[in-house]
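Written out below as structure tokens is the structure these notes cover.
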2 protein chains.
Amino acid sequence: MASPVPERSADDLTARARIRDAALRLFAERGIAAATIRDIAAAAGVSSGLVRHHFGSKEALRDACDTYAMEWLDRFREQMFLEGRMADQAFVGSTHPMASLLQNYLVRSMLDGSATASDMFQRMVRVAEEWLSRLNVDSPDPRAWAAALVGTQAGLFLMPDQMSEALGVDVRSPAGQARMFGGLVDLFTYPLLTSEQAAQLHTMLDRFPSPPPTSGASGAARSEEFTDDDRGDSY
Amino acid sequence: MASPVPERSADDLTARARIRDAALRLFAERGIAAATIRDIAAAAGVSSGLVRHHFGSKEALRDACDTYAMEWLDRFREQMFLEGRMADQAFVGSTHPMASLLQNYLVRSMLDGSATASDMFQRMVRVAEEWLSRLNVDSPDPRAWAAALVGTQAGLFLMPDQMSEALGVDVRSPAGQARMFGGLVDLFTYPLLTSEQAAQLHTMLDRFPSPPPTSGASGAARSEEFTDDDRGDSY
DNA sequence: AGCGCGACTACACAGGCGTGCAGTAGACTG
DNA sequence: CAGTCTACTGCACGCCTGTGTAGTCGCGCT
């Protein structure tokens, strides 16, 4: 559980740090509500009262986890991409477990309604949108494109059990993760729709945008696009 | 909340049906654990005792919802695609709200560990894999490709709040849903990686598949791929 | 009319939850 | 060496949960 992005600070081996680490892990594994303070305390090897002593409340503990995860990942990305340590195998190897855990945690926290995690989601959408603008992709709605990109990937972290079952490998293991990301590479390499099909679908989607569902023709036609698209993509 | 896929059966307007519908909605909105029997009973306009009378336990109620959702969607797909009612706007318009709700419910139930919902996930992966095999996509790992396709899309249903914030539109509304699916169309139309990049990534991913993480070079290099891929796709 | 049975309600129960709080041990300060 | 502060524990409280159960209502059958 090393976290040497900014070199683990001195007071970070304390019970407080152990509680935070245990909370991050249990929150990520079970969800916020299902992970109890008593379980977290037990996992950290302390009493439940100490959790309250250090963090005040469960909500405050969760906020502390949110902030910690976000700041850690921000520093991580900074070192990774700005300081060019992407090829530094020792750096990447030692930070990866924590990076993976924190990403999982943030997606879970997002699901249970964390403002901090949602902020990070929005930031990632903006980054994706900027990144997209540097490619020569002529999407009619880059923002929706970026949101779909971020949203779909975040969701993937939420169902490791199902992905593991589908692949016959624990996607939490290095081998499983490699396989899963291999699938992701394919997904973003081979287009499923031709430009003509896409344009056609966009035309149909644009046809019924504004009015609320009057359960009439407009709603029906919109729905048709929903299901049609859905079929083509995943059924 | 019409559900005319097999024409709503006669005994389906009963309190039992109202309880099931309320459970589906609250389970989908809040998650299984967070939706209490008392809330479901109140939403259905009955006493909490009646929920137990009809379904026995919360777990049994959830199983009933799982089965109902899966069978409903199976019939829905059958009519939709085999019986060619895809262009029937009345059919599609009237069934879409329920289809959307049940998909959301199943993904939520899957997240909370439902075997039925997980089975449906695996079936969707197999269907996607067959569908992929009819395209001329030369993926080195079609199963991983299909799993990534299904997993990413399922995840999208889990974060409507974040997607709505990113798009400035409630994705539960027709307009918002159209916009979100428009982004999905783009995502599956314009490749983010060239075939060369993909082949390169696959080579790197294949290099470190089998051994458990010894925190040595293998793990480090694998992690590099993780984060590198991640960066390219979503950061 | 009387009877039975399923739909339905009201209420009580045990368990687990987050929280509050009094109290102890140890280290540091004057 | 007394004082103080912080880390830390143990326990009890109130709340909410799923569950159990006794009892009422109303309809259909004989």
Side-chain angles (χ1 to χ4, degrees), chain A residues 8-68 105 108-109 111-116, chain B residues 8-68 105 108-109 111-116:
Chain A
R8 186 151 219 153
S9 47
D11 64 327
D12 223 17
L13 306 159
T14 61
R16 183 187 163 93
R18 289 207 315 277
I19 292 171
R20 195 225 307 113
D21 288 348
L24 284 166
R25 188 171 57 85
L26 290 182
F27 282 156
E29 281 177 8
R30 310 181 189 175
I32 310 294
T36 71
I37 288 190
R38 285 169 175 83
D39 286 344
I40 292 169
V46 299
S47 71
S48 66
L50 192 62
V51 177
R52 177 165 175 73
H53 172 70
H54 278 302
F55 294 95
S57 71
K58 189 181 184 180
E59 191 58 29
L61 169 60
R62 178 241 186 85
D63 286 343
C65 288
D66 282 342
T67 305
Y68 179 82
Y105 165 77
R108 264 288 190 178
S109 184
L111 202 69
D112 282 76
S114 150
T116 305
Chain B
R8 186 148 217 152
S9 47
D11 64 328
D12 223 16
L13 306 159
T14 60
R16 184 188 163 91
R18 288 206 315 278
I19 292 170
R20 196 226 306 113
D21 288 349
L24 284 166
R25 187 170 58 84
L26 290 183
F27 281 156
E29 281 177 9
R30 309 181 190 175
I32 310 294
T36 71
I37 289 190
R38 284 170 175 81
D39 287 343
I40 293 169
V46 301
S47 71
S48 68
L50 191 61
V51 177
R52 177 166 174 74
H53 172 70
H54 278 302
F55 293 95
S57 71
K58 188 182 184 179
E59 192 57 31
L61 170 59
R62 179 240 187 87
D63 286 343
C65 287
D66 281 342
T67 306
Y68 179 82
Y105 166 76
R108 265 288 191 177
S109 184
L111 202 68
D112 282 77
S114 151
T116 305

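Below, chains carry the letters A, B, ... as their sequence lines are ordered, and counting in each starts from 1.
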Approximate separation, where rounding is to 0.5 Å, of A/K58 NZ and A/D63 CG | 12.5 Å
To the nearest Å, give me how far apart [atom1] ([X]) and [atom2] ([N]) are.
X: B/R30; N: D/dC16; atom1: CZ; atom2: C1'; result: 14 Å
X: B/F55; N: C/dC8; atom1: CZ; atom2: P; result: 11 Å
X: A/I32; N: C/dG18; atom1: CD1; atom2: C1'; result: 15 Å
X: A/L26; N: C/dG18; atom1: CG; atom2: P; result: 12 Å
X: B/K58; N: C/dG16; atom1: NZ; atom2: C1'; result: 14 Å
X: A/R38; N: C/dT19; atom1: CZ; atom2: P; result: 10 Å
X: B/L50; N: D/dG18; atom1: CG; atom2: P; result: 16 Å

Think B/H53 has a side-chain N or O under 4.0 angstrom from the OP1 or OP2 of C/dA7?
->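 So the side-chain polar atoms of B/H53 do come within 4.0 Å of the phosphate oxygens OP1 or OP2 of C/dA7, strictly under.
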Distance test, side-chain N/O of B/H54 to OP1/OP2 of C/dC8, below 4.0 Å = yes
Salt bridge flag under 4.0 Å for residues B/D21 and B/R25 |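 A salt bridge is absent here (no side-chain N lies under 4.0 Å from a carboxylate O).
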Nearest-nucleotide check on DNA chain C, B/V51 vs A/A33; residue mapping nearer the 5' end is B/V51
If every non-hydrogen atom of B/L26 is compared with every non-hydrogen atom of B/A43, which pair is closest and at what distance?
-> CD1-CB, 4.1 Å
How close do B/C65 and B/L24 get, heavy atom to heavy atom, and via which atoms?
->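 For B/C65 and B/L24, the tightest heavy-atom pair comes out as CB-CD2, 3.6 Å.
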How would you label the contact of B/I37 with the nucleic acid (heavy atoms, under 4.0 Å): base, sugar-phosphate, or nothing?
->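 Sugar-phosphate only.
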From the candidates D/dT17, C/dG18, C/dC8, the one with an atom nearest any side-chain atom of B/A15 is C/dC8
Could you work out which one of C/dT19, C/dC8, D/dG18 sits closest to the side chain of B/S47?
-> C/dC8
